[in-house]
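Worth saying up front: this structure is predicted, and the values here are computed from it rather than measured.
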Amino acid sequence: DQRIQLDIYTETATPGETGHVHIVEACIHVIESTAHALIEAAKAPLLWGHWAIDLAVFSRNMLPHGGNTGTTSPYELMTGRKYDLTKIKTPFATVFARIDRSDRTNSEGHRSVKSKRFRTGIYVGKAEGDGYIIHFPQQTGTLKTLEKRDLIWDETLNHTATRHIE
């Protein structure tokens, strides 16, 4: 059984500091467990573990939880504002990214208005501002940051279903 593991090392604690080390190790364990659960639920390859860790940290920081004063999120404690939870999307969900009219080409590579208007991708992370990081598996290694206005979400399809859409 392969597991996702963070490479974070804590310094050896002095006798009076053991509590802080245990808190850090507990947080690391929560992130690793959450990332592994995301990978399993999406039936995603373990190679996507780094994206799963980023998504686990992002959701942990934006969602409220009982360990904080007044059940607030770490984001709210830092900024004084609640995070817009509608921006949190299903990890590894299918995304249809709009292709600009000027970039559309037909099967022969000629520009055509009748060519595909959308490209299928997979949501793998949140970018700065209103952007999302999208992986396009049909274009090997292609990652793009796209604004939310350019995307149509289907959070019912995971990445394995996406392969059959193309």
Side-chain angles (χ1 to χ4, degrees), residues 3-100 118-137 139 141-159 161-162:
R3 302 287 299 173
I4 295 170
Q5 190 169 6
L6 288 173
D7 290 327
I8 298 175
Y9 300 98
T10 55
E11 292 183 21
T12 306
T14 58
E17 297 178 332
T18 56
H20 295 294
V21 172
H22 292 297
I23 291 171
V24 170
E25 289 173 352
C27 290
I28 291 169
H29 177 71
V30 167
I31 296 300
E32 287 174 343
S33 297
T34 303
H36 192 71
L38 293 174
I39 290 286
E40 281 187 1
K43 297 180 179 83
L46 197 59
L47 291 172
W48 292 9
H50 62 287
W51 288 329
I53 288 171
D54 288 347
L55 288 165
V57 169
F58 174 75
S59 62
R60 179 92 176 141
N61 286 333
M62 299 306 164
L63 295 173
H65 40 88
N68 295 334
T69 308
T71 315
T72 57
S73 69
Y75 175 83
E76 187 177 353
L77 289 174
M78 294 284 293
T79 65
R81 297 175 295 152
K82 290 184 182 282
Y83 187 74
D84 180 4
L85 298 179
T86 62
K87 293 180 180 180
I88 296 179
K89 301 296 183 184
T90 303
F92 307 118
T94 298
V95 176
F96 300 97
R98 187 174 56 83
I99 301 171
D100 288 333
F118 294 92
R119 184 173 38 198
T120 306
I122 301 164
Y123 164 62
V124 294
K126 182 75 177 81
E128 294 293 321
D130 285 337
Y132 296 93
I133 302 169
I134 308 300
H135 172 57
F136 295 101
Q139 297 173 329
T142 302
L143 284 175
K144 292 204 179 216
T145 300
L146 301 169
E147 297 297 319
K148 67 179 179 180
R149 62 181 165 72
D150 296 329
L151 302 172
I152 297 174
W153 296 85
D154 187 342
E155 297 184 71
T156 62
L157 293 174
N158 66 23
H159 82 96
T162 300

May I ask you to test the [X]-[Y] pair for a side-chain heavy-atom distance under 4.5 Å?
X	Y	result
Lys82	Tyr75	no
Val30	Arg60	yes
Ile88	Tyr83	yes

Locate the shortest heavy-atom distance separating [X] from [Y]; write the atom from each residue and the value.
X	Y	value
Leu38	Pro91	CD2-CG, 3.5 Å
Pro74	Asn61	CD-O, 3.3 Å
Ala35	Ala56	N-CB, 4.0 Å
Ala93	Asp154	CB-O, 4.1 Å

Given the rule in the side chain to side chain donor-acceptor pair (under 3.5 Å) test, do His36 and Glu32 qualify, once you have shown the distances and angles that lead to the verdict? CA-CA 6 Å; His36 192 71; Glu32 287 174 343; over 6 Å; no
Apply the side chain to side chain contact (heavy atoms under 4.5 Å, CB included) test between Val95 and each candidate in Phe136, Trp153, Phe118; give the one that qualifies. Trp153
Measuring from [X]:[atom1] to [Y]:[atom2], what's the distance to the nearest 0.5 Å?
X	Y	atom1	atom2	value
Ile39	Leu46	CD1	CG	6.5 Å
Ile28	Ser33	CD1	OG	11.5 Å
Ser73	Arg81	OG	CZ	10.5 Å
Thr120	Phe96	OG1	CZ	5.0 Å
Thr94	Ile122	OG1	CD1	6.5 Å
Leu63	Thr72	CG	OG1	12.0 Å

Quick one: sort the Phe92 and Trp48 rings into parallel, tilted or perpendicular, breaks at 30° and 60°. tilted
Test item: Lys126 side-chain N/O and Ile133 main-chain N/O as donor-acceptor pair under 3.5 Å: no
